[in-house]
Amino acid sequence: MDKEITIIVVVEHDQSGIKPVTYELLNAAKKLAGSGKIIALYFTDTEEADELALTHYGADEVRVCIHPDYHQYIHETYEAGLLSEIEKAQPDILLMPASNSGKELSAAIATRLEVALATDCIDLQLSEDGEVTIKRPVFAGKAYSLCKLSGPKPYLITLRPNIFRGEGADETRTGEIVKEKISLPDFLNPGLVREVGAELDVTEARIIVSGGLGMQGPENFKLLEDLAEVLGAAVAASRPVVDNGWQEYSHQVGQTGRTVSPDLYIACGISGAVQHLAGMSSSRCIVAINSDPNAAIFSVADYGIVGDALEIVPLLTQEFKRILEG
Amino acid sequence: MKIVVCIKQVLDTAAEIQIQDGKIVSPGSPLIMNPYDEFAVEEAVCIKAAFPESEVTVISLGPDSVKETLKRALAMGADRAIHISDPSFAELDHSIVAKILAKAIQKDSFDLVLCGRQAVDDDMAQTGPALAVLLEIPFVTVVTKIQFSENFETADITRQVEGGCETRKGMSLPFLVTCQKGLNEPRLPSLKGIMAAKKKEIQTLGATDLELDAQFLDPKNNLLHLVNLSLPPERKKGIILEGEDIAKQLATIIREEEKII
Ligand SMILES: Cc1cc2nc3c(=O)[nH]c(=O)nc-3n(C[C@H](O)[C@H](O)[C@H](O)COP(=O)(O)OP(=O)(O)OC[C@H]3O[C@@H](n4cnc5c(N)ncnc54)[C@H](O)[C@@H]3O)c2cc1C
């Protein structure tokens, strides 16, 4: 390539700080950038932002853009900020998480700038002559599609959480930090009421304990919550569990629910219908507990236990607790 | 209120897929309405029931088979349907499809545009926000509740975010929302609905009706180009754990071999 590339990474954060997926974006950016430049863009309402970690994970420059309207995400203010920063930095690539926010924001920006967008990517390649190729699951993971991006820059790419985890922070690494109070157009800012619980979102969890109809009833999800607590995991469910009202829809994994790629997915009393497998079969390690030895879930499981989940789950909770505490 | 619902026809979610000549195929599997678009159609029909001076138009772009999906939407209670179809549309990417939909919607006036939160075939989640930008109206995505004011001019809109939800108060029409599960329970078309749908019109619009020239429809303008499709890598064959101490075996494996905890 005749020119060094510039990659912008959009920092996703909430009340509890920078979300881990941001570090994954930086890790993916590092792999592409070579000797090019990585800029982390941090939209916030405070000068006391925790931006230093971004340099430890690979940002060459952190631009902290401060405005009171950034006390929480709404796509209008992020769009305005991003458009002006893109204008200034002229990046080749913009990376965002494939979260609900990242997906809508990237689609809006791509349409405004008439540039290419690829959503929910699990692999990125940059060729010598500057061509960008991405891999993304389609049909909720029943197939993978490899695509080339073309047209004017920047290319917008959203990355699936949990895929691009790197080695971690290098606290000796340094970068430039630029803090600036920016101005935003006046938005008809409708009152935004946000209710985010302390609960770990299934798409962001490293470990998921998931229950199906085989859990027999809502009361038995307590067993899964206990195991999840010991493992620091999120609780997920199959569709009929959600349709029965035993769990909230945000916990549904599958083709018409959330698509997850945790390190460990423990499926308890789940038969393994194609729509369910579509949402979780790219998990790194899958454990299935099912009383039916012929259940389809065993075809994707790395480890299977044939038996009653109601008996086995508490034993697992005890055992994991013992080794984690011992 | 003029309500426009954009719907897409997709492969049945139960379909097992294969790849043939660089295309996804699933011989014998039915085509269905994208499940998230069912929430959009249902919501439109419910709004019409609550606010009778409404008209629900469903729009879909795709080959002739799409008419079946449009008929289903009419049977659910939509008033009229527009089928956008032209042989030149087959190879276009999302950015151009959104532009075509926008042109079709702009042929008439509209107050509310409803889409599904994403199509379950290519999972891009791009069309809704892209359309809103092109139509120059505000949008909210992944919506689980729309609560209109009494005069149906503004609404409080709740959307899903990671770990919870958020509500935007007092959004004024026009706006676009993309619909998520939880918004409503889509009805099955009743026999009466199916009979009524037979009398409803499906209007077809082609490239010339939308004043789209060959330059605009040239797949060379695509920004995303498919290189190939593949099936996910086969997972290695699993191990069934047996014996008295399975819990202990598994915990040890997860810690020592898989090094996850
Ligand atoms: C349009 C559409 C979209 C869909 N989208 C999704 C989706 O996103 N996600 C999803 O999950 N599904 C989805 N489905 C539903 C899917 O087809 C299956 O019906 C569903 O996944 C089955 O859920 P399950 O495994 O919990 O229940 P079941 O299929 O009833 O399986 C229960 C399992 O529990 C086992 N079992 C029973 N008792 C015990 C016990 N005591 N201990 C251990 N095991 C026990 C049984 O052997 C059985 O394998 C969709 C369907 C359609 C039509």
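Here is how names work: the chains are called A, B, and so on, in the same order as the sequence lines, proteins then strands, and each is numbered from 1. Treat the numbers as computed from the prediction; the structure is a model and nothing was measured.
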Is it the side chain or the backbone of [X] that comes within 4.5 Å of chain B heavy atoms, both, or neither?
| X | answer |
| --- | --- |
| E199(A) | backbone |
| L200(A) | neither |
| A301(A) | backbone |

So which part of [X] gets closer than 4.5 Å to some heavy atom of chain A, the side chain, the backbone, both or neither?
| X | answer |
| --- | --- |
| E136(B) | neither |
| L131(B) | neither |
| P232(B) | both |
| I240(B) | both |
| V142(B) | side chain |
| E234(B) | neither |
| E16(B) | side chain |
| N221(B) | neither |
| I254(B) | side chain |
| Q249(B) | neither |
| S95(B) | neither |
| Y36(B) | side chain |

To the nearest 0.5 angstrom, please state how far the [atom1] atom of [X] sits from the [atom2] atom of [Y].
| X | Y | atom1 | atom2 | value |
| --- | --- | --- | --- | --- |
| I305(A) | I246(B) | CD1 | CD1 | 5.0 Å |
| Q252(A) | K181(B) | CD | NZ | 3.5 Å |
| T111(A) | Q126(B) | OG1 | CD | 6.0 Å |
| S250(A) | Q160(B) | OG | CD | 5.5 Å |
| I286(A) | R235(B) | CD1 | CZ | 3.5 Å |
| L223(B) | L149(A) | CG | CG | 8.0 Å |

I need the residue from [options] with the largest number of non-hydrogen atom pairs under 4.5 Å to chain A.
| options | result |
| --- | --- |
| D245(B), I17(B), T154(B) | I17(B) |
| K237(B), R159(B), K236(B) | R159(B) |
| V10(B), I260(B), L241(B), N222(B) | I260(B) |
| N228(B), L226(B), I253(B) | N228(B) |
| A130(B), S172(B), G164(B) | A130(B) |
| A14(B), P233(B), S230(B) | S230(B) |

Flag side-chain contact, heavy atom, 4.5 Å: [X] against [Y]:
| X | Y | answer |
| --- | --- | --- |
| I261(B) | I323(A) | yes |
| L250(B) | E319(A) | no |
| M124(B) | V138(A) | no |
| P137(A) | D123(B) | no |
| S150(A) | H225(B) | yes |

Legend entry - Enclosure of E195(A) CD (heavy-atom neighbours >12, cutoff 6.0 Å):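 Not buried by this count: 12 neighbours or fewer within 6.0 Å.
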
Legend entry - Heavy atoms from other residues, nucleotides or ligands near CD of Q72(A) exceed 12 (cutoff 6.0 Å):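 More than 12 heavy atoms, drawn from other residues, nucleotides or ligands, come within 6.0 Å of this atom.
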
Legend entry - Any donor-acceptor N/O pair, R136(A) side chain to D122(B) backbone, under 3.5 Å: yes

Legend entry - Donor-acceptor contact present, side-chain K142(A) to main-chain T13(B), <3.5 Å: yes

Pick from [options]: which one has the most heavy-atom pairs with chain B under 4.5 Å?
| options | value |
| --- | --- |
| L315(A), T256(A), V115(A) | T256(A) |
| K19(A), E79(A), H75(A), R284(A) | H75(A) |
| V306(A), V242(A), L324(A) | L324(A) |
| S283(A), A98(A), S106(A) | S283(A) |
| F320(A), Y144(A), F298(A) | Y144(A) |
| S145(A), G151(A), P293(A), A288(A) | S145(A) |

Legend entry - Trace of the side chain to side chain contact (heavy atoms under 4.5 Å, CB included) decision for F139(B) with E76(A): CA-CA 9 Å; F139(B) 70 83; E76(A) 285 89 343; over 6 Å; no

Inset, instruction - Go through the steps for E162(B) and R258(A) under the test side chain to side chain contact (heavy atoms under 4.5 Å, CB included), then give the verdict. - result: CA-CA 11 Å; E162(B) 280 69 20; R258(A) 318 296 292 280; 4.0 Å; yes

Legend entry - F139(A): which of L229(B), V120(B), L11(B) passes side chain to side chain contact (heavy atoms under 4.5 Å, CB included):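 It is L11(B); the other options fail the test.
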
Legend entry - Presence of salt bridge, R117(B) and E104(A), under 4.0 angstrom: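 Here E104(A) does not pair with R117(B) in a salt bridge, since their nearest N and O are not under 4.0 Å apart.
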
Legend entry - For the student: nearest non-hydrogen atoms of L224(B) and A118(A), plus distance: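 Of all heavy-atom pairs spanning L224(B) and A118(A), the closest is CD1-CB, 4.2 Å.
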
Inset, instruction - Work out which heavy atom in A143(A) is nearest to a heavy atom in I24(B); give both atom names and the distance. - result: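 Residues A143(A) and I24(B), closest heavy atoms: CB-CD1, 3.7 Å.
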
